[in-house]
Structure formats: C-alpha cells, structure tokens
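As structure tokens, the structure follows; a few thoughts come after it.
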Amino acid sequence: MARAGSLRRQAARPERGSGRQESPLAGHLIEAEQTDADRDEFIKLKKWTLGGRILTAGVIQHDTDLPVMVMVVLEEPGAA
C-alpha cells in the first residue's frame, strides 16, 4: 500500500513535456515556419523567433552509423 505522502508528491509533479509552457522564456517565443532546407537537415525540429532572432532546436544524424545529435542554434536573420 502506498503512503499518502508519496501520492501527494507524485500528484504535484508536472506532466512530462509541459516544461516549455511553464518557462519564463515561453512567453517570448513565437513559432516560426520551417523551411525545406530545415527539413532536409534535421530529423525532427522546432523553430521560433525570439527578439528578432531565430531559435532552432532539432535532432540531426550525419550517417546511420553515427549517433544522433541535438543542436540548438540562435541566429540573426539573413546571417549566412
């Protein structure tokens, strides 16, 4: 039988994946459109604008024999 204290702690935990919505940064992020180049480079990605800059977070894998990598990039629009 579970103790009441342990049940209370479990109920107070936020659900998985809800961290971004509770973050102070979340109110400043505006979802941005993904380009064809983004889709070619990343396996999975999310893209936002943040204060005039573009924030991209995604997963890449250069070869099937290599591990996947998580990349987070903050760039100025038009920078190459």
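The residues of the chain are indexed from 1 along the displayed sequence.
- Heavy atoms only, all atoms of each residue included: Q34 and K46 are closest at NE2-CA, 4.3 Å.
- Using a 4.5 Å heavy-atom threshold, the side chains of V72 and L55 count as touching.
- Using modelled atom types, one side-chain atom of Q61 and one backbone atom of L66 make a donor-acceptor pair closer than 3.5 Å.
- Residues M71 and F42 form a side-chain contact, since some pair of their non-hydrogen atoms from C-beta on lies under 4.5 Å apart.
- Between V68 and I43 there is a side-chain heavy-atom pair separated by less than 4.5 Å.
- Screening L29, V73, T56 against K47 for a side chain to side chain contact (heavy atoms under 4.5 Å, CB included) leaves a single residue, T56.
- Taking every heavy atom of both residues into account, E33 and D38 meet most closely at O-OD2, 4.4 Å.
- Atoms CD and OG1, from E41 and T35 in turn, are 9.0 Å apart once rounded to the nearest 0.5 Å.
- Hydrophobic clustering, with ILVMFWY side chains joined whenever heavy atoms are under 4.5 angstrom apart, groups L74 together with L25.
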